[in-house]
Amino acid sequence: MKYVVGVDFSASQNACMLAEYETGRILRKKEVLRGAFYKEPNSPDDSPRPLDCYCPGLPVEDRAHAYLAGLVQGFLNDAGIKKSDVMAVGISLAGKLFSDGRDGKDVLFMGANTPKRFGKTESGRTSINATRTLRKEFRGIPIIGGNDCNCTGIAQSILYETRGIGPKKTFYLTISTGIGGGGPKEDADEIGHMVIGNVHPAVSLKCGCGVQDCLEAYASGTGISNFAKKIIWLYRMNPRKFAGYASYEREVGRLLDKNGRPFNLKEAAVKSMLAGMINEKQRKGEAFTAKDVFKAMYKKDLLAYHILNTTARMTAEVIASTAQIHDLERVGIGGGVGANNPKYVGMIQKHVNRILIKGNKMLPKGVIVEVCPLGKAANDYGALSLAMPEKYRAQWAKTMLKATGKKR
Ligand SMILES: [Zn+2]
């Protein structure tokens with residue numbers, strides 16, 4: 001039998017997957033909970049990572065590719081698989097790819113959570129080599145790297161193709177701690193850093209990337225809780241500015257409930273449970289998260305609805321713009337926030353429909369936004385889909401369909 005190997009080489013956890021070459025059936029999986037770049041929660045960015053202790057004799061910039069090759073070799077040994085039976089390796093990376101290995105060269109990348117010391121600096125840019133050792137050990141087979149969101153987007157496009165949707169017309173958007181995107185069109189992974197206009201200055205937020213008003217600052221998991229805290233803070237500490245924000249939102253027609261009826265933001269804030277939730281979490285020493293905002297909305301809290309309706313609108317603006325640029329038909333939404341809240345995905349769809357009015361010239365059919373159909377198979381098939389042989393695409397699609405059906 002012939003095989004392909006998928007490696008998830010993300011910021012904290014690592015995983016290896018072994019699949020049948022012809023069908024994509026997953027035969028074996030191994031997870032490393034504290035991967036090469038793992039950092040203890042709340043520890044500083046420069047704190048030691050497992051890679052700092054790995055093969056101390058090796059120069060620090062050569063440890064990532066040695067580690068990754070060791071991971072794959074150990075995995076194959078445990079499975080009793082010969083190297084010569086592996087036909088391709090796909091590697092999913094949390095970061096920006098500078099070279100993806102499709103030209104037979106090394107895979108080079110750098111991630112926001114990857115310490116620079118593990119990379120090499122050339123002409124001002126630091127990148128980590130993920131594959132030098134692996135390419136020596138597996139000569140002559142494709143070893144391909146991809147940004148993690150792009151990988152999932154490619155896997156998703158294989159499924160969409162079975163429904164008759166052209167892979168290049170599909171896009172994957174993940175809403176979790178941050179926001180990322182991707183798919184067969186590989187140039188939109190940093191979609192979370194598109195800037196939102198029309199934000200009232202009293203609630204404006206700065207993104208982790210340093211830019212004011214990125215989508216991610218409001219509509220990622222972290223963003224939603226920060227945005228809610230900002231509005232509650234304004235309501236409690238600065239009634240004058242809160243009133244200014246409320247009147248602005250009313251003027252531009254954004255103070256409407258889910259049935260399109262106008263409401264009063266101050267009254268919604270008086271009745272809201274959010275302030276109480278924030279206090280209680282603080283008292284218990286726990287973090288107030290996006291989950292709390294969703295919980296309040298599902299209990300019919302109007303302020304929570306306003307907050308999430310705002311972040312859904314912002315997300316829809318970015319999706320609509322991306323769809324116009326890339327001629328998209330279908331957007332699948334994943335990540336903890338996206339995949340667990342189909343109602344929220346519906347709210348995003350409503351705004352996309354409002355923006356891309358029927359009969360518009362670029363996308364007359366509009367864009368369908370839905371929960372990513374991969375379900376839990378998203379994690380498994382991301383890296384593997386890079387190693388998928390084109391000639392077995394149809395068989396892989398069938399196997400993947402089955403995998404999502406089983407797990408959902
Ligand atoms: Zn940003």
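Count residues from 1 along the sequence. Owing to the predicted nature of the structure, the values given are computational and were not obtained by experimental measurement. Because only heavy atoms are used, hydrogens play no part in the values below, and waters and symmetry mates are left out as well, while side chains stay in.
No side-chain donor from either of Asp148 and Ser10 sits under 3.5 Å from a side-chain acceptor of the other. A donor atom on one side chain and an acceptor atom on the other are not found under 3.5 Å apart for Glu329 and Thr170. At a cut-off of 3.5 Å, with distance as the only test, no side-chain donor of Thr289 or Ser225 sits close to an acceptor on the other residue.
Between the side chain of His200 and the main chain of Ala202, a donor-acceptor pair closer than 3.5 Å is present. At distances below 3.5 Å, not a single donor-acceptor pair connects side-chain atoms of Asn341 with backbone N or O atoms of Lys343.
Contact of the Asp78 side chain with the Lys30 side chain is registered, since non-hydrogen atoms from C-beta on lie closer than 4.5 Å. Between Lys39 and Asp45 there is a side-chain heavy-atom pair separated by less than 4.5 Å.
Ion pair Glu216/Lys206 not flagged as a salt bridge, since none of the NZ, NE, NH1 or NH2 atoms sits closer than 4.0 Å to an Asp/Glu carboxylate oxygen. Between Arg254 and Glu249, at least one side-chain nitrogen of the basic residue sits less than 4.0 Å from a carboxylate oxygen of the acidic one, meeting the salt-bridge criterion.
The side-chain hydrogen bond (donor to acceptor under 3.5 Å, both in side chains) check on Asp85 picks up Lys2, with sequence neighbours excluded. Residues passing the ring-ring contact (aromatic ring centres under 6.0 Å, His included) test with Tyr344 are Phe294, sequence neighbours excluded.
In this structure, NZ in Lys398 is found 11.0 Å from OG1 in Thr162, a value given to the nearest 0.5 Å.
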